[in-house]
Every structure is written in C-alpha cells, then in structure tokens.
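This report refers to the structure that appears directly beneath it.
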Amino acid sequence: MISQEEFVELIKTTLNRDIKSNYEQNEAVLAPVNEDQFIVAGPGSGKTTTLVLKILKFYFVDDINIENIMVTTFTKKAARQLKDKTIMWAKQIFKQLDKPFDKSFNNIITGTLDGIAEDYVAFDDMSVIDNFTSSALMMQTLLKDDRINDKKLKQFVKRMNENQAGVSSAQINSIILTLREAMYENMADIDELESRSERESLLYEIIHEYNHQLDEKLIVDYALLETRFYELLNENKILKLENNLRVLLVDEYQDTNFLQEQIYFKLAEYTKNNNGSITVVGDDDQSLYRFRGSNVHLFTNYEQRISKKLDIHPKIIYLHTNYRSTDTIVDFLNDYINIDPIYRQTSSLNKPDIISQSTNTNTYPVVGLFRNNIEELTYDLSNLIYELKKGEKVEFRNEYGENFKVQFDNPSIAVLLNSPKEINAYNRKRLPYFIRNTLTTRDENMVIFNPRGQNIEATDIVSLICGLILQAVDSDMKLEDSLRNIPPRTHDILDHWREFTKEYMDDEKLIVDKNNINIQEVLSEIENVCMTLIDQTAENKIYYDLITETIIQTSRAIAYDDTLTANQVFWHILIPIALGAVELDDDLFDIDLDENINIMSIHQAKGLEFDVVIVDVGSDILNNKKSSAFKRFPEKGGKTYNIEHYVQRCSDVGIINDENPTDAAFDELIRRYFVAYSRSKTLLILCGLNSMRHGYQGNFQDSIKIPNIATGWNRNKIWVWENLDNLFNI
DNA sequence: ATCACTTAGATTTTT
DNA sequence: TCTAAGTGAT
C-alpha cells in the first residue's frame with residue numbers, strides 16, 4: 001500500500017502519465033473507492049488510460065483486491081487491450097517498487113458482458129452458439145411446413161424491412177432473428193406482444209419453436225445468454241458477485257441496451273452494499289449500435305436513471321482534452337458535430353467542445369480527394385496510399401495552386417467505409433476491391449488487411465469443401481433447381497463451387513446415403529482431397545478450420561440424431577455459407593494494424609487510431625437516388641426503427657424516443673461519421689465521387705446537389721460545407 | 001403535365 | 001428482378 005501522492009509520482013515517473021496536468025482526469029483517477037462516477041469522454045481523451053489508472057489506484061492506494069474489480073467493454077478486442085495494458089502497467093509499477101508482480105492481476109475480471117455472462121451461465125453441456133448456427137437453426141424452423149412462403153409473414157417482414165423489392169428467404173430469416181433478439185434486449189413481454197399481434201401468429205409460433213429447440217439442445221444464443229445472466233442475478237443466485245464485487249467499471253456505456261443496463265444496475269447494487277462504486281464511461285457522440293438494441297438515451301439520462309433506481313448519485317466528469325489529433329482535425333470535428341442544429345438538442349448533456357492537446361507538431365489541412373468515377377478515384381487513392389506508406393515525400397496541391405508536403409515514416413493507414421465488402425450482393429465490385437487489387441498488383445509485399453471484406457465462400461479452399469459436399473448431396477441438381485427467393489449471387493456461388501471442384505479433381509465423387517449423412521465422416525473423407533490446398537497458404541488453413549468447425553457446430557445443432565438428410569445439409573449448411581453468413585474473426589489472423597493498410601468498417605475502427613485516415617463519403621453515390629438515401633440523407637426511420645418500435649410497445653425501457661424516426665436515423669449517421677473522422681491522428685482525407693462536391697448535371701436542370709450528412713449537410717437540407725470548400729481539395 | 005422508354009442501384013454495422 | 005428518377009417528345 002502506498003500513499004496517493006506516491007502513486008501520482010509513481011505513474012508520472014514509470015508510466016509517463018502526468019495526471020496533475022489534467023484536472024478532470026485527476027478527479028477521475030484519484031476518486032475514493034465508494035465514489036460513483038459518470039465519465040463523459042470525448043474521442044482521444046484517454047478513456048482507457050483513465051480506466052486502467054483507476055484500477056491501479058484502487059489496488060495500490062486503497063488496497064482493493066483485484067478479484068473484487070470487474071471491468072467490461074463492448075468488443076473483445078477492447079477487452080483484451082484493456083487487460084494487457086493493466087497487466088503491463090502493473091508490472092512496471094511493481095518493478096519500480098522492487099516488489100514481485102502480483103499474479104492476481106492475471107485473473108482480473110475483464111471482458112464483454114457476454115463473455116462474463118458466459119462464465120456464470122454456461123455449465124456442463126450448456127454452450128453458446130454463434131450467428132451462423134442460430135441462423136441455420138432458424139432456417140430449419142422456417143422451412144418446416146413451407147412457413148417461409150406464408151403470405152402474411154412475408155408481408156410483415158416487408159413492412160419491417162421497408163425494402164423495395166420482394167423479400168428473400170435470407171431476409172425473412174434475419175428479420176425474425178433480429179426481432180427476437182430485440183425482444184430480449186428490450187426485455188419486452190413476449191406474451192403480451194403476441195396477444196397484441198394476432199396477424200403475426202405464425203411469427204410467434206416460429207419464435208417459440210426456435211426457443212424450444214435451444215432448450216432441448218442445451219444451447220443458448222447471444223440474446224438468451226444475457227437474459228439468463230440477468231435472471232440469475234435477479235434471484236441473487238451468484239453469491240460470488242454478491243459478496244465480492246466492490247468496483248464495477250463499464251466502458252463504452254453509450255452502446256448499452258436495456259437488458260444490459262438492468263444487469264449493470266443489479267451489479268451496482270452489489271458494489272453499493274460492499275461499500276464500493278460503479279463508474280460508467282462513454283461518449284454519446286460515438287454511439288453506433290442501435291441496430292443491436294443499444295439506446296443512447298440510457299447514457300444521456302444515466303444520472304437520473306441510476307439515482308431513481310438505486311439512489312446512487314454519480315459525480316459527472318467531462319474528459320474533453322484530445323491527445324490524439326492535430327489542431328486542424330479537432331477544429332474540423334467540433335465544426336462537424338455542430339453543423340446540425342437539432343442534433344445537440346437530443347442530448348441532455350451539456351458537453352463542452354473538444355480541446356486539442358496533441359504533441360504532434362505537423363498540422364495539415366483536412367484533404368478532399370474527389371474524382372469523376374471509381375476508376376480515377378481508385379488510381380489516385382492507391383498511388384497516394386502507396387507513396388505515403390513507402391515514406392515518400394508527397395506533395396498535395398489544390399485547384400488554386402496552393403501546396404504542402406507530407407512525409408511519414410511507415411505510417412499507420414486506414415480506409416474507413418460503411419461497408420468493407422469487396423463485392424456486393426449483386427456482384428458489383430466496390431471500392432475496397434479496387435484498392436486492394438491495385439495496391440497488391442503494384443507491390444505484392446504490401447499487406448492489405450480486410451478480413452471482413454473477403455468473401456470466404458468464394459475462396460478456393462471453401463469452394464472445394466462445399467463443392468464436394470454439394471456434389472454428394474445434390475448430384476442431380478434437384479435441390480438447386482428448387483431454389484426460390486434467393487439473391488442472384490448465391491446461385492453464382494453454387495455454380496462456382498461445382499465448377500471449381502470439377503476442374504480440381506476430374507471424376508472422383510463422394511457417395512453418400514442421402515437420408516443418412518454423418519457430416520463429420522464426410523468432412524474427414526474430404527480432408528485428404530483438400531490437403532494440398534490447406535498446406536498452400538496460412539490463410540487456407542484458417543479458412544479450412546473455420547468452415548469445418550462451423551459445419552460441425554451447425555450440424556450438431558440441427559440434427560435430431562447424429563445424421564442429416566441431403567435436404568438439411570443443402571438448406572441449413574450450404575445455402576447459408578453461399579449467402580455469405582460465415583464470419584471471420586479478426587483474432588484468427590496475427591495482424592499488426594500499424595503495419596498493414598487497413599480497410600475496415602467505421603464500426604470496426606471504433607476505439608482505434610491511425611496516422612492517416614481515409615474516409616469514403618460516397619465512392620458509389622452518383623446521383624440523388626432515393627435508394628441510396630439511407631446512407632447519406634435518410635427519409636425514414638428504416639428497419640432499425642421499425643423493430644425497435646415494434647418491441648418497445650411492450651417494454652419497460654421507459655424512454656421511447658420522443659424524436660421522430662427520421663430524426664433518429666439522422667442522429668445515427670452524424671455519429672457514424674464523427675467516429676470515422678475522429679480516428680485520425682495527423683492526416684484526414686475525405687474521398688468520393690465528384691458528384692459529392694459539385695452535384696451532377698441533369699439535361700434539363702442545373703447541377704443537382706446530393707445531400708449527404710458526411711459532406712456537411714444538416715437535416716434542414718442546408719449545405720453548410722457548400723462544395724466542400726472547407727477542405728483542401730486535391 | 002403526361003407518356004413511354006432508359007438507366008442505375010439494391011444496406012450495413014456485432015456480441 | 002423491381003423501382004423510381006431521368007429523358008425526350010408531345
């Protein structure tokens with residue numbers, strides 16, 4: 001145990017963290033164990049640092065056991081970073097104090113709420129299934145008795161989805177799963193919902209049957225996992241937490257849903273009884289997960305909500321010093337977040353502007369790179385990325401002949417987009433494809449990292465595995481011919497599998513009994529054939545492991561005994577794979593974000609920072625089409641709102657958005673680009689088609705402007721950044 | 001203003 | 001495949 005003064009001195013000398021210079025951070029870190037806090041932290045304000053320092057302070061100054069502390073974050077990646085940093089800094093302090101490292105730090109309870117819930121909920125045979133498996137299970141429920149072609153059900157899904165074209169089987173599947181998940185996330189009374197929705201009786205039949213299957217097979221999906229955890233807590237059945245939990249730290253609280261809030265409140269009750277505290281940290285401007293049930297109002301109204309429920313009155317602290325970005329970028333951010341006059345009104349928080357404290361001495365203007373078409377854009381963007389990464393001196397010159405030069409030493413670079421997908425559902429190539437293609441053609445040593453953009457289902461190794469299975473279960477193409485309501489790309493994938501396999505191995509065929517397929521046996525027979533490909537590259541091995549594991553887990557979940565029919569293999573395994581439902585976990589790759597060129601979604605980039613950030617604000621928006629409005633200037637609330645609204649009718653969440661649906665959609669877009677722009681440390685580049693700057697020329701009209709939140713329009717259709725003249729356009 | 005014909009684009013984010 | 005904006009003529 002050391003004194004507070006010693007601790008402050010210690011972290012200054014060993015960790016080079018001078019908290020005295022930042023009043024707010026000082027307040028946050030040096031709080032007593034029983035002080036509850038509500039920390040509103042802007043981008044780059046040292047959120048994680050503050051949390052880690054709080055943990056260390058509790059341990060070294062207040063003598064709190066590490067086992068009595070719980071820290072949660074939103075993603076696995078963030079949880080790992082937090083744990084690593086805590087252990088690393090603790091080690092450094094122990095070294096400085098000349099004491100051995102306390103191994104209890106290795107057992108610190110950190111993770112996502114799901115991860116922590118799993119530790120308490122999962123027992124014996126109970127296991128958690130991933131999205132692929134749950135969608136296969138739902139597909140099985142849907143195909144039974146041809147429910148998937150029910151007119152009322154289709155109509156309902158269409159209403160929820162608001163899509164122009166008809167609904168595909170995949171969409172019906174995904175809407176039902178999302179809706180069901182939303183029910184749990186909002187703790188909606190499902191029976192009451194059912195009694196109020198007579199026309200959707202089939203929907204509830206399907207949901208009940210799906211739940212029944214989970215029960216029977218002793219599995220839970222993500223939605224149920226947290227529900228079970230809450231139930232256990234509510235019955236005070238987790239004594240370990242009830243007796244020991246003293247300090248609860250919650251990161252990314254702005255992405256919390258109602259169910260999670262109730263879990264946290266229950267845990268906060270324990271900390272209160274144990275003379276401890278709860279601290280939540282977040283930023284309402286960075287709330288991105290409404291589609292997953294998160295509700296930013298739970299954050300902005302946190303003070304009122306927790307004081308009402310538990311009589312806890314947290315101290316509110318604003319961390320608004322930005323250590324990440326240059327002055328010009330911080331100015332740009334403050335500028336951006338104030339463009340829309342309605343946006344700020346939705347928050348009850350009185351947030352101060354961000355203040356720049358970057359040690360970075362090079363300040364460059366925010367750059368605009370706009371071209372006439374995707375080819376020109378790709379060409380210039382790829383060149384730019386290449387030269388910057390190679391450490392060349394790059395000259396930026398605008399249309400007025402002004403110029404400045406930029407040079408980096410192996411900078412970290414990220415291209416951020418709404419979707420990192422290289423090819424869309426209609427087989428069109430997107431910007432990520434063009435960038436990767438151009439850069440790898442130019443220099444094969446350049447690593448372009450875009451794990452979520454790849455279409456796993458189209459890789460050689462997966463084509464071979466699935467092609468072999470497909471040949472076996474559907475040699476006469478009877479099943480394939482029965483396909484209806486499937487996106488066009490899925491057909492192409494099936495064809496590709498068959499062709500690839502035919503070319504790869506002339507004539508050999510796998511023979512199976514079509515009513516009695518043991519998928520594990522089939523896979524082990526296939527293994528030999530795949531060996532050459534598996535050994536070829538490290539990626540192939542990863543894809544192979546991923547796909548076989550997925551198939552095995554899924555077949556376990558859908559088989560009544562150990563075997564499947566050809567029909568089941570086709571519809572519940574092959575079709576979902578062809579639809580692109582298999583997800584790749586970034587953790588499977590040994591990656592270094594600072595070394596590679598990263599192409600990622602804005603969501604994935606949350607919590608990260610890069611020297612150079614390139615944000616796609618419209619590489620595929622040519623004109624003012626209604627169909628692209630959702631991603632630039634929404635005209636309606638969309639699917640997220642419909643689902644939220646549907647379930648919240650029977651939920652106690654309390655704060656139903658008093659905003660209209662469209663306004664909520666605007667808020668979401670504003671936040672998304674705020675997150676994107678605030679990732680950059682030194683150089684921020686906006687890119688897109690020229691139509692984003694100058695509009696497009698109709699034959700009869702003058703130039704027609706294209707409203708876009710990312711390019712500085714507000715929802716009143718006023719273009720505050722007209723023609724993007726605030727950027728340095730190259 | 002109205003009609004028939006041509007053309008571009010279709011959500012997506014995650015535990 | 002389906003939709004709505006744009007086009008060009010009346």
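In what follows, chains carry the letters A, B, and so on, assigned in the order in which the sequence lines appear, proteins first and then strands, with residues in each chain numbered from 1. Keep in mind the model is a prediction, meaning the values are calculated, not measured.
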Can you name the atoms? Protein N/O to nucleotides 2-5 of chain B N/O, anything below 3.5 Å, with the distance.
none

Report all interatomic pairs (protein N or O, nucleotide N or O of nucleotides 12-15 of chain B) with separations under 3.5 Å.
{"from": "dT13(B)", "atom 1": "OP1", "to": "S419(A)", "atom 2": "OG", "distance (Å)": "3.3"}
{"from": "dT13(B)", "atom 1": "O2", "to": "H603(A)", "atom 2": "NE2", "distance (Å)": "3.1"}
{"from": "dT15(B)", "atom 1": "O4'", "to": "R292(A)", "atom 2": "NH1", "distance (Å)": "3.1"}
{"from": "dT15(B)", "atom 1": "O3'", "to": "T112(A)", "atom 2": "OG1", "distance (Å)": "3.0"}
{"from": "dT15(B)", "atom 1": "O4", "to": "N131(A)", "atom 2": "OD1", "distance (Å)": "3.3"}
{"from": "dT15(B)", "atom 1": "O4", "to": "N131(A)", "atom 2": "ND2", "distance (Å)": "2.9"}

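Distance, K158(A) NZ to dA10(B) P: 17 Å, rounded to whole Å. Taking atom CZ of R430(A) as the reference point, atom P of dT11(B) lies 12 Å away to the nearest angstrom. In this structure, CG of N427(A) is placed 18 Å from P of dA8(B), rounded to the nearest angstrom. Here dA8(B) presents its C1' atom at 15 Å from CG of N373(A), a figure rounded to the nearest Å. Regarding K636(A), its NZ atom lies at a distance of 11 Å from the C1' atom of dT11(B), rounded to whole Å. R428(A) has its CZ atom 15 Å from the C1' atom of dT11(B), to the nearest Å. In this structure, N161(A) places its CG atom 17 Å from P of dC2(C), rounding to the nearest Å. We find that CG of N623(A) is positioned 10 Å from P of dA10(B), with the value rounded to whole Å.
The P atoms of dT11(B) and dA4(C) are separated by 13 Å, rounded to the nearest whole Å.
Heavy atoms of L622(A) sit under 4.0 angstrom from primed sugar atoms or phosphate atoms, though from no base atom.
Heavy atoms only, all atoms of each residue included: S412(A) and E609(A) are closest at OG-O, 4.4 Å.
Partner of T133(A) under the side-chain hydrogen bond (donor to acceptor under 3.5 Å, both in side chains) criterion, chosen from Q553(A), R556(A), H572(A): Q553(A). A salt bridge (charged side-chain N to carboxylate O under 4.0 Å, His left out) with D620(A) is found for one member of R632(A), K625(A), R428(A), K631(A) and no other, namely K631(A).
Ring geometry for Y253(A) versus Y264(A): interplanar angle of 30 to 60°, hence tilted. Between H645(A) and Y641(A), the angle of the ring planes stays under 30°, which puts this pair in the parallel group of the 30/60° scheme. Between Y302(A) and F265(A), the ring planes lie tilted relative to each other; the angle falls in the 30° to 60° range. Between F633(A) and F666(A), the ring planes are perpendicular. Angles over 60° get that label, and only those under 30° would be called parallel.
The backbone N or O of K429(A) sits nowhere less than 3.5 Å from a side-chain atom of N424(A) that would complete a donor-acceptor pair.
Stacking of the aromatic ring of Y426(A) onto the base of dG9(B) is not found under the criterion of centres within 5.5 Å and planes under 30°.
In this structure, K606(A) forms a cation-pi arrangement with F74(A), its terminal cationic atom sitting closer than 6.0 Å to the ring centre and no more than 45° off the ring axis.
Considering only side-chain N and O atoms, Y696(A) lies under 4.0 angstrom from the phosphate OP1 or OP2 of dG6(C).
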